[in-house]
Amino acid sequence: MFVHRLRPSFALLLLLATFAASACETPVDEAPDAATAPDAGAPDARLGFDAGPPCARDEDCDDGVACTHDVCGHDGRCGYQVDHNRCDDHVFCNGAEICDPRRGCVAGPRETCDDDDVCTVDRCNEEAKGCEHEPRDLDGDGDPDFFCAGGTDCDDLDPTRNGRVAEVCGDLVDNDCDGEIDEADCGRPVHDVCDDPFVITASGSYAFDTHGAAPDYTISCASSSRQDLVARLDIPEGSPQDVTLELQGDAFVTALSLERTCGVVGSELGCRTGYPAALRLRSLEPGSYFLVMSSLGSPGELTLSVRMSAASEPPTNETCATAIDVPVPAGATFEGSFVGVADDASTSCGYSGQPDLFYTFTIPDGESYDVNVTLNAPSGDTMAFEIRSGCGGASLRCATGSPARARTYRLGPGTYSLAIEGPSWTDVDYALAIAFAAPSDPVAGDLCSTAIPLTIGTRYVGTMVGAEDDLQISCSYNAPDLVHRFTLAEASDLTIEANGGRAYLSVGLGSSCSLGAVATSACSSGAPARVRARALRAGDYYVFVEGSRAGAYTIDLTATPPAPVVEVSGNDTCGTAYVVPGAGGLFHGNTGTLLHDYTPSTCASSTSTAKDAVFELTLTSRQRVVASTADSTIDTVLYLLDASCRSELACDDDSAGAGDSLIDRVLEPGTYHFVVDAYGSSSFGDYFFEVQVLPPP
């Protein structure tokens, strides 16, 4: 029997087993009993040399087990000896392999190195061929658990807390594990200043915590109400790198500034705020750059993602003079990036600060096409584009959205420019598709020149199918729109109601029409959307309807003689409520002279203590009642109470738009009370309250 490894306990067991087996064997000069003799050719299961079947030479004794020595003895009987050396895989930590005389080589028990001491971390060291027993330090911060001898780490799962670090001010944590929190000798957290930056040399994800950090440095995109930490980004020698940085806060907005000189705002290469704050830079030269990372508002955990890649070429079409040509009528698709692109131009439907790139196409003489443009950001951010005649000509189509898309109809011969704009708050990639199709006509109402006529008192029924996004009204954003027009023969109060069923619509009223932003005197959204304009002068007007979903809709225009304004005061409670005539009316008052008596329960703030005014309305028949606070100077809340003033029947905050309230209900005969309240406990001032009593639908 041979033992290759120096494992005292296991080797001793093997030796004892071998000696025991040899002591029990039948002497070679005694023939075995026939009943107990092994089958011919079958090895004995015992260790050591065993008396086997008769043999004339060693080859007669092959038992088929590779780890045994098979020999024919001088007495003419086979003998078998296990050899554990033949099973050794020369790997220490997986245990000693042994030879089983029947199964061959089998694995032994793995080396656990367990010393039965909970204050050590036990492991097997293959290189040293032995066991290691290190002090318990699960978080790897160099300080053993304070439950063990010599340890001072009070949180062995958090490497930022142990007896070897300094106490951080203001984080309400016992950082140095001395049993005290934020004691007098506390100081700055690590990486709080430029002299102690966290060094980043490769792509990856890095964790930080701004607890205890101060707003040490000024950055261009955030105020001083923040906590900042500093990292140093090292671009290795060799080629320039494109760098993408993303700073994610723990449920708060973050700010991220990249600087050539730490703490010098004039050396900024870029600054972004957001959730997360994302900053992309093209072709950073080898060298060191500094990151000022901030949590805005509350301190907390930050995660910085860094991606470095080979430098990419900047776009060549940053001006209309260097625009990329699009083939006509084949069209084309383009992919690109707004990283490092400046804001050189403006579009009629975009915003300031948006980076822009340019494309151009020329329609030959004698030809005409519809042009379809789709601009999309994989990130889902909103973008804009505009088609103009030439580089500085009239705007022919402007669209914004995510994606931004539009169809321009019947473009004739000439050269046109297409400006595309990315978001101002982040640098995004984009995909642009430009397609040319046979010329066609826009749907009625798509442009100011094709506005659809409306008649006061007659319902209009139409559809949004085919509408493009040409206009921007104050109460809507990035939705297809149609234009209507009507004439008011005499000064009137006007009600506009647009109903798209379940579709959410926006309605604006204006006295002029043009592409891009439209000036509206009244604007409201809803399902249905309702606009109320008072004391309009005679003349021509436009109604702009925008809808997020294409579908059928109706418009009703109702004009009535201008209602006189009734001044109201003293209507502080239901007991002193101003009584509204059965036909309704328009009332003006000021809540500053009143007290807080009632609180809405189903809208706005249930804890509001704002001053309120009360109106009483009695109906003798079933009627539709439309009550509104439009044109009030305060942000109103309007609610409807029963005759007792104890049960709330309806409540509204902003349905009339711009902080104004609207309740539209069909009411049964009886007495009702309307309460004009304000949003916010300290809000009070001038209000208008109008009640229209209409026939039920």
Side-chain angles (χ1 to χ4, degrees), residues 495 524-526 530 532 534 563-694 696:
T495 301
S524 183
S525 302
R530 185 179 184 275
R532 177 70 169 165
R534 291 191 288 269
V565 180
V566 178
E567 295 295 331
V568 176
S569 62
N571 52 332
D572 191 37
T573 67
C574 288
T576 60
Y578 185 87
V579 178
V580 177
L586 175 62
F587 311 95
H588 173 260
N590 191 304
T591 58
T593 62
L594 307 176
L595 301 174
H596 165 67
D597 299 288
Y598 306 98
T599 300
S601 61
T602 59
C603 70
S605 173
S606 61
T607 60
S608 173
T609 57
K611 301 175 180 181
D612 39 48
V614 185
F615 292 83
E616 180 181 298
L617 173 66
T618 299
L619 300 177
T620 58
S621 62
R622 188 171 184 265
Q623 299 283 349
R624 178 190 176 192
V625 177
V626 181
S628 169
T629 61
D631 298 331
S632 296
T633 59
I634 58 173
D635 185 351
T636 61
V637 177
L638 180 65
Y639 41 106
L640 174 65
L641 304 178
D642 66 358
S644 68
C645 270
R646 297 174 181 172
S647 178
E648 185 178 291
L649 305 178
C651 183
D652 182 75
D653 184 15
D654 292 325
S655 292
D660 296 330
S661 308
L662 172 71
I663 291 178
D664 186 345
R665 292 287 188 276
V666 174
L667 300 177
E668 300 299 328
T671 297
Y672 301 89
H673 293 89
F674 287 94
V675 180
V676 178
D677 210 333
Y679 189 92
S681 299
S682 60
S683 181
F684 61 87
D686 284 322
Y687 69 88
F688 282 95
F689 178 60
E690 183 177 29
V691 178
Q692 292 176 276
V693 180
L694 308 171

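Quick caveat: nothing in here was measured; it's all calculated off a predicted structure.
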- Message: Between F688 and T633, is the side-chain contact (heavy atoms from CB on, under 4.5 Å) condition met? List the steps.
- Response: CA-CA 8 Å; F688 282 95; T633 59; over 6 Å; no
- Scanning both residues in full, the closest heavy-atom pair of G584 with V693 reads N-CG2, 3.9 Å
- Task: Would you mind reporting whether Q692 and T495 have side-chain heavy atoms less than 4.5 Å apart?
- Result: yes
- Task: Quick one: pull up OH in Y687 and NE2 in H588 and give me the separation to the nearest 0.5 Å.
- Result: 8.5 Å
- Mind checking the OG1-CD spacing from T599 to E648? Nearest 0.5 Å is all I need. 10.0 Å
- Message: Under a 3.5 Å cutoff, is there a donor and acceptor pairing between the side chains of Y679 and D653?
- Response: no
- Item | Non-hydrogen atoms of S655 and S524 that approach each other most closely | O-OG, 3.5 Å
- Message: With rounding to the nearest 0.5 angstrom, report the CG to CG distance, L594 to N571.
- Response: 6.0 Å
- Does a sphere of radius 6.0 Å around CZ in F684 hold more than 12 heavy atoms from other residues, nucleotides or ligands, not counting ones at 6.0 Å or beyond? no
- Pair E567-V565, side-chain contact (heavy atoms from CB on, under 4.5 Å): steps then yes or no: CA-CA 6 Å; E567 295 295 331; V565 180; 4.3 Å; yes
- Task: Write down the atom of L662, the atom of D652, and the distance for their closest heavy-atom approach.
- Result: N-OD2, 2.8 Å
- Output for pair (H673 NE2, L641 CG), nearest 0.5 Å, gives 8.0 Å
- Residues pairing under salt bridge (Lys or Arg N to Asp or Glu O under 4.0 Å) where one sits in residues 625-647, two or more places apart or in two chains, turn out to be R534-D631
- What orientation do F615 and Y578 show, parallel under 30°, tilted 30 to 60°, or perpendicular over 60°? perpendicular
- When every non-hydrogen atom of D572 is compared with those of D612, the smallest separation belongs to OD1-O, 3.8 Å
- Query: Between S647 and S644, is there a donor-acceptor pair closer than 3.5 Å when you use the side chain of the first and the backbone of the second?
  - Reply: no
- dist R624:CZ -> L619:CG (nearest 0.5 Å) comes out at 14.0 Å
- Task: For a side chain to side chain contact (heavy atoms under 4.5 Å, CB included) with S661, tell me which candidate from D677, L638, V676 qualifies.
- Result: L638
- Task: In sequence, state the C-alpha distance, the side-chain angles, and the governing distance for F674 and V580, and then conclude on side-chain contact (heavy atoms from CB on, under 4.5 Å).
- Result: CA-CA 10 Å; F674 287 94; V580 177; over 6 Å; no
- Note on the structure: Closest non-hydrogen contact found for A678 with S683 is CB-O, 3.5 Å
- Message: Tell me every residue that passes salt bridge (charged side-chain N to carboxylate O under 4.0 Å, His left out) with R530, counting only those two or more places apart in sequence or in another chain.
- Response: none
- Quick one: pull up OG in S632 and CZ in F689 and give me the separation to the nearest 0.5 Å. 10.0 Å
- Minimum heavy-atom distance between C574 and Y598, given as atom pair plus value: N-OH, 2.9 Å
